[in-house]
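Since the structure is predicted, the reported quantities are computational estimates derived from the model, not experimental observations. To find a chain, count down the sequence lines: A is the first, B the second, and so on, and within it residues start at 1. Values below: all heavy atoms of this structure, side chains included; hydrogens, waters and symmetry mates excluded.
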Amino acid sequence: MLTIAIIRQERDQLVEDYKRRNLDVAELLDQVLELDELRRATQKDLDGLLAQSNEISKKIGELFKSGQHEEGNALRKESAGDKDAIAALKDQMNATEEQITQVLYQIPNRPHSSVPQGKSDEDNEEINRHGDIPSLYAGAVPHWDLASKYNLIDFELGVKITGAGFPVYRGKGARLQRALINFFLDEARDAGYEEFIPPHLVNQASGIGTGQLPDKEGQMYHAVADDLYLIPTAEVPLTNIFRDVILRKEDFPIKLCGYTPCFRREAGSYGKDVRGLNRLHQFDKVEIVQLQHPELSYSTLDQMVAHVQGLLKKLNLPYRTLRLCGGDLGFAAALTFDLEVFSAAQKRWLEVSSVSNFETFQTNRLKCRFKNKEGKTELAHSLNGSALALPRILAALLENNQFEGGIRIPEVLVPYCGFDTIEG
RNA sequence: GGAGACGUGGCAGAGUGGUCGAAUGCGGCGGUCUUGAAAACCGUUGUACCGCGAGGUACCGGGGGUUCGAAUCCCUCCGUCUCCGCCA
């Protein structure tokens, strides 16, 4: 969420910047400014009335204390009149603040200066590629065929138990999942991230804190009876650890990681690209999160991208790095790098990680601040990235490493799996 | 789920209608002393908003109410603890 201070100071520049998101925010910003004027004027009036009322109350107290009851009672009657005016101004204050919040909720994060103009994922900027795309043998098949051929994943069984998008992993498929989770967590720990196991359901305040609510209400599973939401990513509980927290600048950088299942309704997605593991309602992911000093957050972003690239290198998966254009950038992000691996049997790139700097967008909602050099509180920067999401990694691993007699397991995973080949 | 107790500043813990944004202790920060450190002593130490400033306003779990005035009384929600029940 943008701060009102920024809108007041940089209104014109903001309008310019949001054009790269293909958004015209002029009207929204002006609404905020107008409401803010009203709010300040109202507070001025309200504070004045309250000050008066406080003073009279104090006087009455003193009169009664010194035994001057008649004078006290006279004053009491006199002061009763302001109550309605005070109540009316309070109502107006609250209503105006609420309106400001509602407008601010509609405005996505300001794109970083390096974010290219663009409409869709086709305009994303490819930054680099790494690894050779394997040439598969003639009988190579996509991962959904491999999954059933080697009895690794049962999609139909998931449909029976729950519904589409909830696969059942079994046997070596299940063990491979667990191996990947442990591998990713160990790598994160080696990189200095503290491991957490957070709750998988969160309250509304947490959803608002990281930006899922109210913007993406329909994308989360909602347990209505208890008004809790199933997390779409570990980012939500992990980042919300720092809601309403004032850090010391020595605390930076704060590095956390955690494995959780992720639940996404994927409302509105349909048809192609949803086959097999490509798009699921429940999937596993290891997430890395950092809170950082504003001056350092972009070098931190680069480090996080490098960490994810390191994972892909160790898994020997060909990947490319994209800088998302304004049109593809998420609501809360200022800058995002996507990592995609090449799925050799589907012959296409699959997004496996999204690493973002949210600058103060989340921390403003979270009220996560630190004491700066001048001793003043200042909003921290928050960042996160998938390191990594499992399903598409698994898809690419199965497809890229298949041979006539089975599937080879990448060397780094063998100690985690306890097997080096999947065969019929 | 039932019964009871409680929710105050970084922590501990006073405060039951007025001068309380809140005693005191601990912790933190600055200083004196010291070769240095510790101890001792002195000072300082919540957050947000409005205002050029002086200063003002709000906040004692959240929300609402009573009152001229609420940390204090009432209602409600949330949470914690103890006992009972149930249970991995």
For this session: Please determine, for U47(B), whether a Watson-Crick or G-U wobble partner exists with both distances under 3.5 Å, and give it or none.
Result: A58(B)
Seminar exercise, completed: Result for side chain to side chain contact (heavy atoms under 4.5 Å, CB included) between Leu104(A) and one of Val32(A), Leu35(A), Asn364(A) points to Val32(A)
Problem set entry | Base-pairing mate for G25(B) - Watson-Crick or G-U, with both contacts under 3.5 Å | C11(B)
For this session: Send over the distance from Lys58(A) NZ to G56(B) C1', rounded to a whole Å.
Result: 12 Å
Exercise. Hey, which of these two, Gln43(A) or Gly48(A), hits RNA chain B nearer its 5' end, going by closest nucleotide?
Worked result: Gln43(A)
For this session: Write down the distance between CD (Glu55(A)) and P (U19(B)), rounded to a whole number of angstrom.
Result: 14 Å
For this session: May I have the distance from Lys44(A) (atom NZ) to U57(B) (atom P), rounded to whole angstrom?
Result: 15 Å
Exercise. Hey, would you say the Phe64(A) and His69(A) ring centroids sit under 6.0 Å apart?
Worked result: yes
Problem set entry | Partner nucleotide of G18(B) by Watson-Crick or wobble geometry (both distances under 3.5 Å) | C68(B)
Problem set entry | Short side-chain N/O contact from Thr377(A) to OP1 or OP2 of U47(B), under 4.0 Å | no
Problem set entry | Length of the CG-C1' vector between Leu89(A) and A58(B), whole Å | 14 Å
Exercise. Quick one: Lys59(A) NZ to U67(B) C1', roughly how many Å, whole number?
Worked result: 19 Å
For this session: Grab the CD1-C1' distance between Ile100(A) and C49(B) for me, whole Å please.
Result: 12 Å
Exercise. Just checking, Lys172(A) and Phe419(A): is the charged tip under 6.0 Å from the six-membered ring centre and within 45° of the axis?
Worked result: yes
Exercise. How close or far is atom C1' of C49(B) from atom CE of Met93(A), stated in whole angstroms?
Worked result: 7 Å
For this session: Round to a whole Å and report the spacing from CD of Gln204(A) to C1' of C77(B).
Result: 15 Å
Exercise. Where the side chain of Phe64(A) is concerned, which of G18(B), A58(B), C50(B) is the nearest nucleotide?
Worked result: G18(B)
For this session: Under 4.0 Å between any heavy atoms, over every strand shown, what does Ile246(A) touch: base, sugar-phosphate, or nothing? Just pick one.
Result: sugar-phosphate
For this session: Check whether any side-chain N or O of Arg39(A) sits under 4.0 Å from OP1 or OP2 of C49(B), and answer yes or no.
Result: no
Exercise. Should Arg40(A) be listed as having a side-chain N or O under 4.0 Å from OP1 or OP2 of C49(B)?
Worked result: no
Exercise. Ring centroid separation for His293(A) and Phe370(A), is it under 6.0 angstrom?
Worked result: yes
Exercise. Nearest of A58(B), C50(B), U67(B) to any side-chain atom of Asn54(A)?
Worked result: A58(B)
For this session: Under a 3.5 Å limit for both distances, which nucleotide forms a Watson-Crick or G-U wobble pair with U32(B), could you say?
Result: A40(B)
Exercise. Think Arg369(A) has a side-chain N or O under 4.0 angstrom from the OP1 or OP2 of A48(B)?
Worked result: yes
Exercise. Nearest to the side chain of Leu50(A), which nucleotide is it out of G56(B), A58(B), C49(B)?
Worked result: A58(B)
Seminar exercise, completed: Assert: residue with more 5' nearest nucleotide on RNA chain B, out of Lys90(A) and Lys371(A), is Lys371(A)
Exercise. Under 6.0 Å between ring centres, would you say that holds for His381(A) and Tyr298(A)?
Worked result: no
